[in-house]
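Encoded as structure tokens, here's the structure I'll be asking about.
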Amino acid sequence: MIQRERIKILKDTAPKKGAYVLYWMQASQREECNHALEYAIKVANEYGLPPLVFFGITDDYPEANERHYGFMLEGLKEVKSSLEKRGIKLVLRHLSPETGAEELARRASVIVVDRGYTRLQRSWRERLAARADCPVIQVESDVVVPVEDASPKEEYSAATLRPKISRKLEKYLVPLKKTPVKRESSHMRFAAFSIGDTETALSRLQIDRSVRWRQVPYRGGTARAKKLLEDFIENKLDRYHDLRNDPTRDATSHMSPYLHFGQISPLYVALKVDSRKSPGKAAYLEELIVRRELGINFVRYNGHYDSFEGIPNWCRKTLREHERDERGFAYSREELEEGRTHDPYWNAAQKEMVLTGKMHGYMRMYWGKKILEWTKKPEEAFAIALFLNNRYEIDGRDPGGFTGVAWCFGKHDRPWGKRPIFGTIRYMNDKGLRRKFDADGYVKKIEQMRP
DNA sequence: ATCGGCTCGCGCAA
DNA sequence: TGCGCGAAGCCGAT
């Protein structure tokens, strides 16, 4: 089922005579449960044309490094073979995606594109829509509830978004059927970038290689995501509600890198979890749907989602008032990046992120709060936290990452008791960690990891 | 161990 | 306009 609220016409013009219906894949990097892909197939069938999928790999994606490209290439290789099984050609090219889409648009009758929420993703789509001479249709597949239908404005907190999402769940929590392809495109010939071995493919890109991909324990791709999900539902979901905030336990689903690259659909995950009777179900769906889509709401409606300017007035005001408070510790970005602070818990969290590409969700909050505490100015702290997040997390540059950092500075939260540096922004300390879990056990676990 | 206060703005009831 | 309520925390009082 493709609800009409998922569909937005970016260029309203008559279809032209063409050789195919083009789906420019960008955010939803998967063959399975992809509304944009299924929509493109339907349109292609209607026009008696083959659907063709294009993906452009640019060397210049801001802040992306080998870690991100490696994970993405692994996923794309799988997308290519899954699409081939349905008779659909994936044209992979090594160039800026909006340029590549424009080239292939010349012989397209209709263009379909998936949806991204960040500034760059939006501008790519706007540019294509402005230049295309055929319809450009955007299909939103990486949320359970389409963002504007959930809420027409920037939401204040999870509490204000939650009822709005809940009301719509029945409508959107429904499976997407696969549409059989009537005319195949797999025989069509295009100059293309071939992935083959990931290391070899990586070596052909002109990218930042200072953050390595190979050491990361997460392999990309839909098959791997589904296997992790299955293991999560079978073995961890039942205790998710009481263990999810304990980083010494492997109690979470590890879906975020896969969700970030669109290698798995949040709808697919939600349906799988929802079909189970489990005490952990509600807590998981809260994080997967309400909190994740609250983050997307923030990025969609707040133009300053990636800076200090994006947090509410009361947060900026209270932080300003405490800007000159004495910092007990002050570290440079380099000292933080190298995990050289006085705090073993913080250093462990930083090390976990650098080595594995994924810091535990609970530690992400503590980590961000401490950067605010140990940096001269809150604006600077915000920039450092986001820089490190985007550089080392596989899911860096995700709405969830922007929102997570902003949360540490008060976004989507309420004020709490006044104190130095933080003002009325929620404070966290290491005593809290020790109270909630075996914090020293966490440090030991991380220290055992080889660099 | 458990509880209330901290502090602000949203959103509904009146 | 008033007021209940939030909900991934801290801290001091009991």
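Residue numbering restarts at 1 for every chain, and letters A, B, ... go by the order of the sequence lines.
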Identify whether any heavy atom of K153(A) sits under 4.0 Å from a base atom; if not, whether one sits that close to sugar-phosphate; answer base, sugar-phosphate or nothing. sugar-phosphate

Could you measure between the two P atoms, the one in dT1(C) and the one in dT7(B), and give it in whole Å? 25 Å

Atom-to-atom span, CH2 of W416(A) to C1' of dA8(C) - whole angstrom: 10 Å

Apply ring pair (Phe, Tyr, Trp, His ring centres under 6.0 Å) to Y284(A) and list each qualifying residue two or more places apart in sequence or on a separate chain. F232(A), Y240(A)

Value for CH2 (W24(A)) from CD (Q138(A)), rounded to nearest 0.5 Å, stands at 10.0 Å

Report yes or no: does R364(A) contribute a side-chain atom to a donor-acceptor pair with the main-chain N or O of M359(A) at less than 3.5 Å? yes

Which of the following nucleotides, dG9(C), dA8(C), dC11(C), is nearest to the side chain of M428(A)? dG9(C)

Donor-acceptor pair present, R414(A) side chain and dA7(C) base, under 3.5 Å: yes

R426(A) CZ to dA7(C) C1': how many Å, rounded? 7 Å

Would you please confirm or rule out a distance under 4.0 Å between OP1 or OP2 of dA7(C) and any side-chain N or O of R162(A)? yes

Distance below 4.0 Å between N429(A) side-chain N/O and dC10(C) OP1 or OP2: yes

Can you tell me the distance, in whole Å, between the CD atom of E286(A) and the P atom of dG6(C)? 13 Å

Provide, to the nearest angstrom, the distance between the NZ atom belonging to K418(A) and the P atom belonging to dC11(C). 17 Å

Flag the pair H412(A) / Y156(A) as yes when their ring centroid distance falls below 6.0 Å, and as no otherwise. no

M363(A) CE to dG9(C) P: how many Å, rounded? 13 Å

It should be established whether R419(A) places a side-chain nitrogen or oxygen under 4.0 Å from OP1 or OP2 of nucleotide dC11(C). yes

Quiz item: cation-pi between R316(A) and W314(A), 6.0 Å / 45°: no

Centres of the W367(A) and H360(A) rings: under 6.0 Å? no

When the distance from CD of E321(A) to C1' of dC8(B) is rounded to whole Å, what number comes out? 13 Å

Check whether any side-chain heavy atom of Y117(A) lies under 4.5 Å from a side-chain heavy atom of Y305(A), and answer yes or no. no

Take atom C1' in dA8(C) and the same atom in dG11(B), then report the distance between them in whole Å. 24 Å

Relative to the 5' end of DNA chain C, which residue comes earlier, P415(A) or Y362(A), by the nucleotide with the nearest heavy atom? P415(A)

NA contact type, R364(A), heavy-atom cut-off 4.0 Å: base, sugar-phosphate, or nothing? nothing

Against the six-membered ring of W407(A), is K369(A) placed for a cation-pi contact (under 6.0 Å from the centre, within 45° of the normal)? yes

I want to check one thing: is the phosphate of dC10(C), taken as OP1 and OP2, less than 4.0 Å away from some side-chain N or O of K436(A)? yes

Residue T160(A), side-chain heavy atoms: nucleotide from dA8(C), dT7(B), dC10(B) that is nearest: dC10(B)

With pairs defined as Watson-Crick or G-U wobble and both distances under 3.5 angstrom, please note down DNA chain C as a dot-bracket string, | for pairing with another strand. ||||||..||||||

Would you kindly give the NE2-to-P distance between H322(A) and dT7(B), to the nearest whole Å? 10 Å

As a test of reading the structure: which of dG11(B), dC10(C), dA7(C) is closest to the side chain of Y427(A), going by heavy atoms? dC10(C)

Would you measure the distance from the P atom in dG9(B) across to the matching atom in dG9(C) and give it in whole Å? 22 Å

Classify S157(A) by what it touches in the nucleic acid, base, sugar-phosphate, or nothing, heavy-atom distance under 4.0 Å. nothing

Minimum-distance nucleotide to K164(A) side chain [options: dG11(B), dC10(B), dC11(C)]: dG11(B)

H342(A) ring center near F329(A) ring center (under 6.0 Å): yes

Take the protein atom CD1 of I425(A) and the nucleotide atom P of dC6(B), then report the distance between them rounded to whole Å. 18 Å

